[in-house]
Amino acid sequence: MAIPRRRHQHHHSRVRFLFPAIFAVSGIILFLFLFLSILAPSPNDANHLRHLRRDDSSGGKGGGNEIKVPSSRVKISAGVHNRDLWSSKNSKFFYGCSNASSKFAKAKTITHPNRYLLIVTSGGLNQQRTGITDAVVAARILNATLVVPKLDKTSFWKDSSDFSDIFDVDWFIKHLTTDVTIIKDLPLRRGQLWTPHRMRVPRKCSDRCYINRVLPVLMKRHAVQISKFDYRLANKLDTDLQKLRCRVNYHALKFADPILKMGEKLVQRMRMSSKHYIALHLRFEPDMLAFSGCYYGGGDKERTELGKIRRRWKTLHNSNPEKARRQGRCPLTPEEVGLMLRALGYGEDVHIYVASGEVYGGEETLAPLKALFPNFYSKDTIASKEELEPFSTYSSRMAALDFIVCDESDVFVTNNNGNMAKILAGRRRYFGHKPTIRPNAKKLNRVFLNRNNMTTEEFSSRVHTFQRGFMGDPKEVRPGRGEFHENPSTCICEDAEAEKKMDWDHRKSGRDNVAKKKDGDDRKKDIEAVVHDENVDYEPEMTDPEDEEEDEDNPLGEVSLGSSKSEALSNGTSTDYDSSMSEDTELDELLSD
């Protein structure tokens with residue numbers, strides 16, 4: 001019995017010493033936990049530090065040069081911010097449609113012999129593109145043969161290129177064979193060259209305007225050349241003529257092979273470094289800023305330099321920079337463009353291709369944008385001097401290269417609403433509603449002025465709100481609003497099941513349908529508000545300073561009917577313009593379609 005007793009005493013002794021050891025270790029752990037808690041900042045303090053880091057990013061000068069926003073790979077937040085950065089919502093339900101209707105007669109059945117239309121375009125590449133497109137439609141209205149348009153070689157842009165240097169002329173003629181008869185040169189008359197009658201038409205000339213003004217002259221002279229042919233056709237025409245516009249602009253006008261091949265190389269090089277890229281039409285050249293009449297804080301030096309350039313346009317009024325900025329007529333600075341894109345969710349890892357001429361202020365002006373987006377490219381940085389040499393002395397050919405890279409981009413950002421912006425916006429809508437961001441400059445102006453008084457989240461939220469309706473989404477702009485080249489609504493068709501499918505997507509998400517309907521209604525109101533607020537018809541694209549005058553005999557909107565033609569139309573008798581009045585019946589039918 002003695003041995004078990006000793007064992008019990010030994011076990012009791014070990015337990016007696018074990019409890020104090022456990023308490024001692026626990027006390028040490030508790031002390032360490034309290035010590036670390038004292039050293040660590042509270043969650044509120046951490047948030048405060050984040051705000052300090054953001055506010056100090058300007059170097060303590062209050063400039064706010066960098067807004068920190070989440071990377072493009074991360075969804076920003078729920079609600080309106082939860083959007084795909086690289087595609088337009090519901091774009092899969094819309095598609096380009098420009099086929100002629102069964103009522104649209106073939107060219108060979110309606111084209112009259114000895115009736116030739118020649119046009120001379122005006123302006124830069126994209127302004128000339130609108131002229132070429134409208135020339136085809138004008139020839140169709142007049143039932144005339146179109147001679148391949150002549151490009152502008154004498155104006156501000158000073159480019160000696162011919163049509164065939166920029167576009168594939170054979171493809172152009174062949175593709176439009178069933179719509180309009182097109183020839184390369186005016187045929188000889190009695191074996192000799194002959195000079196067409198030259199005339200002008202007012203801007204936005206309607207189809208009836210062409211019949212009243214041009215047709216009588218064409219019937220008498222047989223060949224008419226219309227000069228300075230830019231925006232010389234009405235924005236609104238009947239459906240078949242609008243669809244013809246789309247067939248010309250989006251299918252018949254193909255760049256010449258040398259331009260296409262070089263453009264494809266540039267696109268491939270952008271794709272090699274990144275799956276997605278943004279193309280930015282910066283439009284911050286000295287002549288653009290002078291034309292806009294805006295002021296960017298450069299003092300007397302800027303006012304003197306830009307004022308001197310502005311005086312080239314004799315009809316421009318004295319500028320009011322503050323008013324222009326409030327009205328959204330000033331291009332954003334490169335830094336502002338960068339801040340907008342970062343606020344929309346595009347991170348610093350995103351690759352940007354910049355289409356631009358000489359930027360006012362040079363590298364100093366571009367530095368903030370490059371800081372926000374270090375992966376910064378242009379055709380000069382991704383192509384060698386030798387590769388660009390065949391194009392470098394021709395402004396239209398260089399512009400065509402930028403056009404291709406911008407058109408192929410995942411997101412296109414335009415910093416003004418000029419001709420290139422409109423043409424590309426319309427084209428991207430037609431070919432699948434690829435995202436096209438146009439800054440709502442009128443609203444964003446106030447955001448930029450107050451951005452140093454906002455948190456990152458507030459700045460981002462406001463940019464998102466004001467950019468609704470300016471992102472290139474389907475049905476973003478009401479049909480018929482703005483230039484047709486920018487909003488070719490007649491040529492965009494909707495999947496018959498689109499509404500049902502879109503509603504089904506909302507139901508599938510499992511969200512509160514009532515809340516979604518309210519959010520949808522609010523979004524619709526926001527879009528209508530911002531689109532109405534923005535002057536979409538404003539055209540800040542530069543005109544040729546040497547060609548500002550309008551035809552005084554033909555002021556815009558007036559249509560005079562020649563007496564002989566008037567009598568012919570009223571009583572059905574033939575005139576010396578033609579030996580038959582059958583064409584009048586055909587033209588009246590065309591107008592009534």
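Annotation for Lys370: atom NZ counts as buried by contact number, over 12 foreign heavy atoms lying within 6.0 Å. Under a cut-off of 6.0 angstrom, the local environment of CD in Glu322 is sparse, with at most 12 non-hydrogen atoms contributed by other residues, nucleotides or ligands.
Smallest separation of non-hydrogen atoms from Val405 and Ala279: O-CB, 4.3 Å. The shortest heavy-atom contact between Cys406 and Ala355 is SG-CB, 3.9 Å. Contact record, Ile259 with Ile404: O-CD1, 3.6 Å, taken as the closest heavy-atom pair.
Stacking of Arg129 on the aromatic ring of Phe255 is recorded, both the 6.0 Å distance cut-off and the 45° axial limit being met. Seen from the ring of Tyr295, Arg303 counts as a face-on cation partner, given the 6.0 Å and 45° thresholds.
Between Phe448 and Phe459, the ring planes lie tilted relative to each other; the angle falls in the 30° to 60° range. A parallel orientation is assigned to the rings of Trp86 and His276, their planes being inclined by less than 30° (bins at 30° and 60°). Ring orientation note: the planes of Phe412 and His281 are close to parallel, at an angle under 30° on the 30°/60° scale.
Formation of a donor-acceptor pair under 3.5 Å by the Glu476 side chain with backbone atoms of Asp473 is found in this model. Asp152 contributes a side-chain N or O that, together with a main-chain N or O of Gly123, makes up a donor-acceptor pair within less than 3.5 Å. Under the 3.5 Å distance criterion, the side-chain polar atoms of Gln467 are matched with a main-chain donor or acceptor of Asn440.
Arg271 and Asp410 are joined by a salt bridge, as a carboxylate oxygen and a charged side-chain nitrogen come within less than 4.0 angstrom of each other.
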* Checking side chain to side chain donor-acceptor pair (under 3.5 Å) for the pair Tyr430/Ser98: CA distance, chi angles, key distance, verdict? -> CA-CA 10 Å; Tyr430 182 84; Ser98 59; 2.8 Å; yes
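Evaluated for a side chain to side chain donor-acceptor pair (under 3.5 Å) with Gln128, the options Thr121, Asp159, Asp230 yield exactly one hit, Thr121.
Taken as a pair, Cys246 and Cys491 meet the criterion of an SG-SG distance shorter than 2.5 angstrom.
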